[in-house]
S.K.: 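My questions will all concern the structure given below.
What you are looking at is a predicted structure, and each value in this text was computed from that prediction instead of being measured.
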Amino acid sequence: MSHDKGTLLLSLKPRFAALILDGQKTVELRRVAPTIQTGDLALIYASSPLRQLVGTCRVVDVDIASKAEVWERYSDQCALTEEEYEAYFEGAKHAVAIVVDSPSRLLEPPSLATLRSRMSGFSPPQSFRYLSMGMLEQLELNTV
């Protein structure tokens with residue numbers, strides 16, 4: 001999928017969003033690899049019950065490997081127990097580790113209703129989606 005300027009919107013459970021923004025979680029795991037590059041911006045959307053766009057971070061690397069290799073490399077950076085990790089990747093052929101840094105909280109995290117009022121048809125993704133530069137500008141975000 002093509003995207004403009006490499007802006008990725010990640011949906012995360014609120015606890016994982018908070019851990020990334022606090023700098024305690026530096027790897028986000030996915031079953032499907034996004035098409036992004038080092039230095040690309042990632043927006044962090046905290047899912048229910050929060051339902052807010054809460055911050056940003058930068059992509060350092062995307063590592064695609066076997067489930068065992070990804071766990072060995074990143075288990076101390078992904079904020080999951082081994083049981084949670086195994087359950088998430090059950091049936092997957094590989095694991096994707098999105099390594100992030102430079103977390104920044106939004107000054108006024110917009111709610112889902114606000115996001116929808118700023119960008120017609122906005123819908124948070126199940127996992128991730130790409131945003132064009134025009135879409136990003138419509139969101140009117142200010143970081144700390």
S.K.: Check the pair Glu84, Arg15 against salt bridge (Lys or Arg N to Asp or Glu O under 4.0 Å), reporting the backbone distance first and the verdict last.
M.R.: CA-CA 14 Å; Glu84 290 171 315; Arg15 82 172 177 143; 3.0 Å; yes
S.K.: For the residue pair Leu10 and Ala42, what are the closest heavy atoms and their distance?
M.R.: CD1-CB, 4.2 Å
S.K.: If you apply the rule side chain to side chain contact (heavy atoms under 4.5 Å, CB included), what do you find for Asp40 with Leu8, and how did you get there?
M.R.: CA-CA 8 Å; Asp40 282 354; Leu8 184 69; over 6 Å; no
S.K.: Are the side chain of Arg30 and the backbone N or O of Ser127 linked by a donor-acceptor pair below 3.5 Å?
M.R.: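 Side chain of Arg30 to backbone of Ser127: a pair is present.
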S.K.: Identify the heavy atoms of Tyr85 and Lys67 that sit nearest to each other, and give their distance.
M.R.: OH-O, 2.6 Å
S.K.: Is the backbone N or O of Thr35 less than 3.5 Å from a side-chain atom of Tyr130, with the two atoms forming a donor-acceptor pair by type?
M.R.: yes
S.K.: Going by atom types alone, do Ser117 and Thr114 pair a side-chain donor with an acceptor below 3.5 Å?
M.R.: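 No, because no side-chain N or O of Ser117 sits under 3.5 Å from a partner of the opposite role on Thr114.
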S.K.: I'd like to check Phe89 versus Val70 (side-chain heavy atoms, cut-off strictly below 4.5 Å). Are they in contact?
M.R.: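 Not in contact.
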S.K.: Between Pro14 and Pro49, what is the shortest heavy-atom contact and its length?
M.R.: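 Taking Pro14 first and Pro49 second, the nearest heavy atoms are CG-CD, 4.1 Å.
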S.K.: Scan Leu50, Val54, Leu112 and name whichever one has a side chain to side chain contact (heavy atoms under 4.5 Å, CB included) with Tyr45.
M.R.: Leu112
S.K.: Around Arg73, counting heavy atoms of other residues, nucleotides and ligands shown, do more than 12 lie under 6.0 Å from its CZ?
M.R.: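 Atom CZ in Arg73 is packed in, count exceeds 12.
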S.K.: Are any of the side-chain heavy atoms of Leu41 and Leu136 separated by less than 4.5 Å?
M.R.: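 Of all side-chain heavy-atom pairs linking Leu136 with Leu41, at least one is under 4.5 Å.
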